Amino acid sequence: MSTVAERAETADGYQARRTLPLRVELARQFKRRRTLVMGAILAVLPLVLVLAFAIGGEPGGRNGRITLMDTATASGANFAAVNLFVSAGFLLVIPVALFCGDTVASEASWSSLRYLLAAPVPRARLLWSKLVVGLGMSLAAMVLLPVVALAVGTAAYGWGPLEIPTGGALAPGTAAQRLAVVVAYLFVSQLVTAGLAFWLSTRTDAPLGAVGGAVGLTIVGNVLDAVTALGHWRDFLPAHWQFAWADAVQPSPEWSGMIQGSAVSLTYALVLFALAFRGFARKDVVS
């Protein structure tokens with residue numbers, strides 16, 4: 001396979017950087033049914049919550065505790081924040097695992113991977129295009145949810161400041177900026193899942209295995225974080241920092257938790273991405 005690529009590199013007009021353009025890969029992935037289904041699920045969630053609040057009454061905290069859920073119907077900004085709160089732990093993990101795990105493995109399952117490499121598309125170029133598109137679509141999914149929630153919440157509960165459960169409020173403009181910070185942090189914190197899914201995608205020909213493996217390992221991380229006996233060792237788990245973004249929606253934001261969480265997530269992600277590129281460069285592709 002590499003011999004074909006080497007010969008093609010000497011052909012007139014061949015340029016490796018122009019193979020598999022991002023716009024082509026993006027169009028291919030965007031048209032897939034799983035992309036449309038995932039987008040529909042994220043867009044419908046805010047409507048489901050509005051309906052649940054309409055049927056069940058005002059939301060409230062558990063065991064008398066004051067939580068962000070208590071202010072879900074205070075304004076559109078509060079409703080958007082609550083949607084992120086209920087989705088960050090699991091729901092937002094799924095599109096990241098799906099878009100980054102169902103990349104290389106899906107090509108292998110369709111027996112089209114070897115033909116892409118014979119086109120020839122350099123292996124590093126193929127992985128880079130698929131990784132960038134996968135991460136881009138993951139970010140789009142994370143942006144879609146709060147944008148739809150803000151629109152639905154504003155229509156249902158009105159436009160106003162983001163009320164903080166413990167007291168105080170953020171002006172609408174400030175609230176929008178803080179929610180943007182929250183989305184950015186959630187994306188960075190999910191890079192570990194993206195790295196796991198992408199690495200597994202280069203190791204298997206079964207897309208479901210890559211996606212399921214990434215989701216499963218993420219769940220294991222959440223379970224380990226719940227084991228208080230681990231003490232400070234939990235600080236090295238990405239799951240330990242998944243709700244650090246709550247410090248951004250306070251009158252005086254605290255950034256230390258998000259900085260630590262981002263550092264842990266980026267470290268794991270870079271290692272996993274490096275393993276994916278290194279392993280795929282040496283892999284014998286037969287499918």
Side-chain angles (χ1 to χ4, degrees), residues 29 34 38 42 84-106 127-146 180-204 206-228 230-248 255-280:
Q29 299 300 326
R34 50 89 158 149
M38 181 54 62
L42 293 173
L84 290 173
F85 176 74
V86 300
S87 305
F90 182 73
L91 181 60
L92 291 180
V93 173
I94 297 176
V96 176
L98 181 64
F99 294 141
C100 294
D102 186 30
T103 52
V104 181
S106 62
L127 287 190
W128 175 251
S129 296
K130 289 189 172 294
L131 178 59
V132 170
V133 171
L135 291 177
M137 295 183 70
S138 299
L139 178 59
M142 293 186 182
V143 172
L144 175 65
L145 177 62
V181 171
V182 170
V183 172
Y185 176 75
L186 286 174
F187 175 71
V188 173
S189 67
Q190 292 297 337
L191 286 178
V192 177
T193 301
L196 280 170
F198 191 70
W199 174 63
L200 290 173
S201 186
T202 63
R203 305 297 298 177
T204 179
L208 185 60
V211 176
V215 173
L217 290 173
T218 301
I219 293 174
V220 169
N222 291 334
V223 172
L224 290 176
D225 182 57
V227 180
T228 55
L230 291 176
H232 293 298
W233 287 104
R234 294 187 299 163
D235 293 346
F236 297 97
L237 296 173
H240 186 66
W241 307 99
Q242 63 180 337
F243 290 108
W245 60 265
D247 294 334
W255 306 109
S256 60
M258 287 187 287
I259 291 174
Q260 294 181 67
S262 297
V264 171
S265 181
L266 285 171
T267 300
Y268 281 106
L270 289 175
V271 171
L272 289 166
F273 291 145
L275 287 175
F277 276 83
R278 182 176 182 273
F280 190 70

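Everything quoted here is computed from the prediction, not taken from an experiment.
Between the NZ atom of Lys130 and the OG1 atom of Thr202 there is a distance of 12.5 Å, given to the nearest 0.5 Å. The structure places NE2 of His240 at 4.5 Å from CG of Asp235, a figure rounded to the nearest 0.5 Å. Rounded to the nearest 0.5 angstrom, Leu131 CG and Cys100 SG are separated by 6.5 Å. Separation of atoms CZ (Phe280) and CH2 (Trp199) is listed at 15.0 Å; rounding is to 0.5 Å. Gln242 CD to Asn222 CG: the interatomic distance, rounded to the nearest 0.5 Å, is 4.5 Å.
Closest non-hydrogen pair, Gly89 versus Val93, comes out as O-CG2, 3.9 Å. Scanning all heavy atoms of the two residues, the minimum distance from Phe243 to Ala88 falls at CE2-CB, 4.0 Å. Shown here for Val96 and Ser138, the closest heavy-atom pair between the two residues is CA-OG, 3.5 Å. Between Val264 and Phe236, the shortest heavy-atom distance links the atoms CG1-O, 3.8 Å. Between Ala194 and Leu135, the shortest heavy-atom distance links the atoms CB-CD2, 3.8 Å. Nearest heavy-atom pair, Val192 versus Leu272, reported as atom, atom and distance to 0.1 Å: O-CD1, 3.8 Å.
Using the six-membered ring where Trp is involved, Phe198 and Phe277 have ring planes that are tilted, between 30° and 60° apart.
Applying the side-chain hydrogen bond (donor to acceptor under 3.5 Å, both in side chains) rule to Thr193 yields the partners Gln190, Thr218; only residues at least two apart in sequence or on another chain are considered.
Other residues, nucleotides and ligands contribute only 12 or fewer heavy atoms inside 6.0 Å of the CG atom of Leu208. No more than 12 heavy atoms of other residues, nucleotides or ligands sit less than 6.0 Å from atom CH2 of Trp233. Around atom CH2 of Trp245, more than 12 heavy atoms belonging to other residues, nucleotides or ligands sit under 6.0 Å away. Counting heavy-atom neighbours within 6.0 Å of Arg203 CZ, excluding the residue itself, gives a total of 12 or less.
Met142 has its side chain out of reach of Leu42: every pair of non-hydrogen atoms, C-beta onward, lies at least 4.5 Å apart. Inter-residue side-chain proximity for Met137 and Leu98 is flagged as unmet; no heavy-atom pair is nearer than 4.5 Å. Looking at heavy atoms from C-beta onward, Trp241 lies in side-chain contact with Gln260 at the 4.5 angstrom threshold. For the pair Leu191/Tyr268, no side-chain contact is recorded, criterion being any heavy-atom separation below 4.5 Å from C-beta on.
Side chain of Ser265 to main chain of Val188: a donor-acceptor pair is present (N/O by atom type, distance under 3.5 Å, no hydrogens or angles). Counting only distance, with no hydrogens or angles, the side chain of Ser201 and the backbone of Ala105 share a donor-acceptor pair below 3.5 Å.
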